[in-house]
Novice: 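A single structure is presented below for examination.
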Number of protein chains: 2
Amino acid sequence: MNEFSSKIKKALDRAETIVFGANCTVNYSGRAETHLPKGERIIMIKGDRTLLVHQPHGNTPVNYMKENSVHDIIEKDGKIILKSQNMPLKEFIDIEIDNVSFISSAKMADGQKIQLTGNEKDMSDMIYTDPSVIETGLRPVSREEQTEFGFIDVLCHDKDNNLVVVECKRYKSDFSAVEQLKRYVKKIKKSKGIENVRGILASPAITANALTLLEENGFKHVSVEPPMRHDRFKKNQKSLGEF
Amino acid sequence: MNEFSSKIKKALDRAETIVFGANCTVNYSGRAETHLPKGERIIMIKGDRTLLVHQPHGNTPVNYMKENSVHDIIEKDGKIILKSQNMPLKEFIDIEIDNVSFISSAKMADGQKIQLTGNEKDMSDMIYTDPSVIETGLRPVSREEQTEFGFIDVLCHDKDNNLVVVECKRYKSDFSAVEQLKRYVKKIKKSKGIENVRGILASPAITANALTLLEENGFKHVSVEPPMRHDRFKKNQKSLGEF
DNA sequence: GGGGAGAGATGCCGC
DNA sequence: GCGGCATTTCTCCCC
């Protein structure tokens, strides 16, 4: 049993978070199948037994196993193989390890949750609180807490008392945003037995083709930015710690 | 300048891949804004200057910066702060580092690309090669290389010489898959000036509601699994290296 | 556990 | 760059 193997085994037993660099070959089988020829990667095993394989470039892991996978180091024919399996998901990874450039492990704990501002819910909050940012005369009726109609972002009455479905997107709207709005308007018409239901898509922008489809359906687009405490970093780098 | 700071600076200069464990606070500003209170995390900076912050649990990074971000360690008021910025994307991260449990760095290179089997393209290849897996009498007309109609997975003629649009999904089909198929059929009808265009959704499964919408439009679903060399790992664990 | 939808989605390819 | 779309999408929320 070489030093690397015993370190890994000990750290796995202790549910430590493990990171190592290695020249390795990776094979995955599960929802799909992948093969990654030999190269230098960073491998991370977390305390919850998540496995990540990262190439030394790019954002996303090249291979991974979800939490509660089972990992073991075996040595066979002079080769060291990290075998990971997740039986409930029927997923398997074998990592053949040729060379280890570094290895670290530590017991780590972190119960904190990230706090995020500027998502779609913040947008619909803003619009529900003050629908005039969308159109003058709009009055809020209900929001997200799914009505009888489903997951409709914001429901309003306009100045002529028509029902208005407002669908929010924090990013540029595409076909599927328009079709989502179509489904919701259709559902409300059917559910309420009324024909006069308007649809508004609220987002920072919309693709030309989606706009065509939107207008073919008699709906309109309104340009809205997701609410953020803009430019915190640029305006005042000193205040970074003051969240 | 403490030892941690100088190690990081040196490794950044050399474009090494860096991994360290630390108790830290993370603030992000860019497309949205996030705050992550103090806790133990693994931080990775890659050779392409991607930054990842991982909590000791879960699949996805809790914060990140894309490649070509600029990183620097500064010390201020006795605090060590890793500042990352990506000016083209107007994105910023500050990581206030309280305690370092380990740090490793190494020059790493990996030009290999992952080879994947069992994706949607493999499915449409299979169906184009032998459309009888979908329906007897189908003959292939064209595939993905987007025709004048757009990105249609597979186009066939059925035994009665009707045009058939086949849309493949490797996972369970939902509303948006049905609506994609609707768009394609509509586009072809308009483009060809014909009414008799059929639509088939080929996927392992479909949600009940999506099936309703599908059938309302006169289309049908066919159950197809993405092609894989099934059960490689389960059948013969010995052959793992033989890719 | 499934359904539905958002995501700081990411990544790929085409134009 | 934008557009359209797949992803071993992942994640969350709700039924």
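Just so it is clear: chains get the letters A, B, ... in the order the sequence lines come, proteins before strands, and each one is counted from 1. No hydrogens, no waters, no symmetry mates; every other heavy atom, side chains included, goes into these values.
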Novice: Once you apply a heavy-atom cut-off of 4.0 Å, does A:E167 come out as touching a base, just sugar-phosphate, or nothing?
Specialist: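 The residue A:E167 makes sugar-phosphate contact but no base contact.
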
Novice: Can you tell me if the side-chain N/O atoms of A:Q180 get under 4.0 Å from OP1 or OP2 in C:dG6?
Specialist: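 Affirmative; the distance criterion is met.
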
Novice: Rounding to a whole Å, what distance do you find between B:Y171:OH and D:dT8:C1'?
Specialist: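 The distance from OH of B:Y171 to C1' of D:dT8 comes to 13 Å, rounded to the nearest Å.
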
Novice: Looking only at side-chain N and O atoms, does A:Y64 come under 4.0 Å of OP1 or OP2 in D:dC10?
Specialist: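 Checking D:dC10 against A:Y64, a side-chain N or O does come within under 4.0 Å of OP1 or OP2.
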
Novice: Identify, between A:N119 and B:A210, the residue whose nearest nucleotide on DNA chain C lies closer to the 5' end.
Specialist: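 Its nearest nucleotide lies further toward 5', so the answer is B:A210.
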
Novice: Taking OP1 and OP2 of C:dA9, is either one under 4.0 Å from a side-chain nitrogen or oxygen of B:T60?
Specialist: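 B:T60 to C:dA9 OP1/OP2: no side-chain N or O under 4.0 Å.
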
Novice: Please determine whether a side-chain nitrogen or oxygen atom of A:K169 lies at a distance below 4.0 Å from atom OP1 or OP2 of C:dG6.
Specialist: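 Yes, A:K169 has a side-chain N/O under 4.0 Å of OP1/OP2 on C:dG6.
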
Novice: In terms of side-chain heavy atoms of B:L116, which of C:dG8, D:dT8, C:dA7 is nearest?
Specialist: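 Nearest listed nucleotide: D:dT8.
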
Novice: Donor-acceptor pair under 3.5 Å: do we get one between B:N63's side chain and the base of C:dG8?
Specialist: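 Side chain to base: pair found, below 3.5 Å.
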
Novice: Roughly how far apart, to the nearest Å, are D:dT8 and C:dG4 at atom P?
Specialist: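 Nearest-Å result for D:dT8 against C:dG4 at atom P: 23 Å.
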
Novice: Indicate whether OP1 or OP2 belonging to C:dG4 is found under 4.0 Å from a side-chain N or O atom of A:Y184.
Specialist: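 No, no such contact exists.
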
Novice: Rounded to whole Å, please give me the gap between CG in B:L213 and P in C:dG3.
Specialist: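 My rounded result for the distance is 15 Å.
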
Novice: With side-chain contact (heavy atoms from CB on, under 4.5 Å) as the test, would you mind laying out the steps for B:K192 and B:V197 before giving the verdict?
Specialist: CA-CA 10 Å; B:K192 291 264 184 185; B:V197 179; over 6 Å; no

Novice: Using whole Å, report how far CD of A:E179 lies from C1' of C:dA5.
Specialist: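 After rounding, the gap between these two atoms is 14 Å.
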
Novice: For the side chain of B:N59 and the base of D:dT11, is some donor closer than 3.5 Å to an acceptor across the two?
Specialist: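 No, no donor-acceptor pair under 3.5 Å.
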
Novice: Tell me which nucleotide, if any, is Watson-Crick or G-U wobble paired with C:dG8 when both distances must be under 3.5 Å.
Specialist: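 Across any shown strand, C:dG8 pairs with none.
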
Novice: In whole angstrom, give the distance that lies between atom CD of A:Q115 and atom C1' of D:dC12.
Specialist: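 Whole-Å distance recorded here is 17 Å.
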
Novice: Would you say the side-chain atoms of B:R49 pair up with the backbone N or O of B:S69, donor to acceptor, closer than 3.5 Å?
Specialist: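 Looks like yes, one N/O pair under 3.5 Å.
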
Novice: Just the rounded figure in Å: distance from C1' of D:dC10 to NE2 of B:H54.
Specialist: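 Distance, rounded to whole Å: 13 Å.
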
Novice: Between A:R183 and B:M65, who's closer to the 5' end of DNA chain C by nearest nucleotide?
Specialist: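 It is A:R183 whose nearest nucleotide is closer to the 5' end.
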
Novice: Could you check A:F20 against A:I97 for side-chain contact (heavy atoms from CB on, under 4.5 Å), going step by step and ending with a plain yes or no?
Specialist: CA-CA 11 Å; A:F20 64 92; A:I97 297 163; 3.9 Å; yes

Novice: Planes under 30° and centres closer than 5.5 Å, is that true for B:Y28 with the base of C:dG8?
Specialist: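 Yes; centroid distance and tilt both under limits.
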
Novice: In whole angstroms, how far is the P atom of D:dT8 from the CG atom of A:L51?
Specialist: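 Checked: the CG to P distance equals 16 Å.
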
Novice: With respect to the side chain of B:K172, which nucleotide from D:dG3, C:dG2, D:dT7 is positioned closest?
Specialist: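 Of D:dG3, C:dG2, D:dT7, C:dG2 is nearest to the side chain of B:K172.
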
Novice: Hey, is the side chain of A:K66 poking within less than 4.0 Å of OP1 or OP2 on D:dC10, counting only N and O atoms?
Specialist: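 So the side-chain polar atoms of A:K66 do come within 4.0 Å of the phosphate oxygens OP1 or OP2 of D:dC10, strictly under.
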
Novice: Does B:Y171 form a side-chain contact (heavy atoms from CB on, under 4.5 Å) with A:R31? I'd like the steps, not just the answer.
Specialist: CA-CA 9 Å; B:Y171 43 86; A:R31 280 171 289 181; over 6 Å; no

Novice: Decide yes or no on side chain to side chain donor-acceptor pair (under 3.5 Å) for B:N209 and B:T207, but give the supporting numbers first.
Specialist: CA-CA 6 Å; B:N209 290 340; B:T207 65; over 6 Å; no

Novice: Ignoring hydrogens and geometry, is there a side-chain-to-backbone donor-acceptor pair from A:Y184 to A:F151 under 3.5 Å?
Specialist: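 At least one qualifying donor-acceptor pair exists.
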
Novice: From CD1 of A:I152 over to P of C:dA5, roughly how many Å is that when rounded to an integer?
Specialist: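 Rounded to the whole Å, the gap is 10 Å.
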
Novice: In whole angstrom, give me the gap between the C1' atoms of D:dC5 and C:dA7.
Specialist: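 The same atom, C1', in both gives a distance of 16 Å.
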
Novice: Is the shortest side-chain N/O distance from A:R31 to OP1 or OP2 of D:dA6 below 4.0 Å?
Specialist: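 No, A:R31 has no side-chain N/O under 4.0 Å of OP1/OP2 on D:dA6.
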
Novice: For B:D153 and D:dT7, what is the distance between atoms CG and P respectively, to the nearest whole Å?
Specialist: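 The answer, rounded to whole Å, is 10 Å.
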
Novice: Does a nitrogen or oxygen in the side chain of B:R170 sit under 4.0 Å from OP1 or OP2 of D:dC5?
Specialist: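 The answer is no; no side-chain N or O of B:R170 sits under 4.0 Å from OP1 or OP2.
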
Novice: Quick check: on DNA chain D, is the nucleotide nearest A:F175 upstream (toward 5') of the one nearest B:G58, or the reverse? Name the residue that is more 5'.
Specialist: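 It is A:F175 whose nearest nucleotide is closer to the 5' end.
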
Novice: Return yes if some donor-acceptor pair links the side-chain N/O of A:H71 with the main-chain N/O of A:L82 below 3.5 Å, else return no.
Specialist: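 Not a single qualifying donor-acceptor pair exists.
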
Novice: Hey, is the side chain of B:E91 pairing donor to acceptor with the base of C:dG8 inside 3.5 Å?
Specialist: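 Answer is yes: a donor-acceptor pair is held.
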
Novice: Please tell me which of A:A208 and A:V62 maps to the more 5' nucleotide of DNA chain D, matching each residue to the nucleotide holding its nearest heavy atom.
Specialist: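 With A:A208 and A:V62 compared, the 5'-side residue is A:A208.
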
Novice: Can you check whether B:T207 has a side-chain N or O nearer than 4.0 Å to OP1 or OP2 of C:dG2?
Specialist: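 B:T207 to C:dG2 OP1/OP2: no side-chain N or O under 4.0 Å.
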
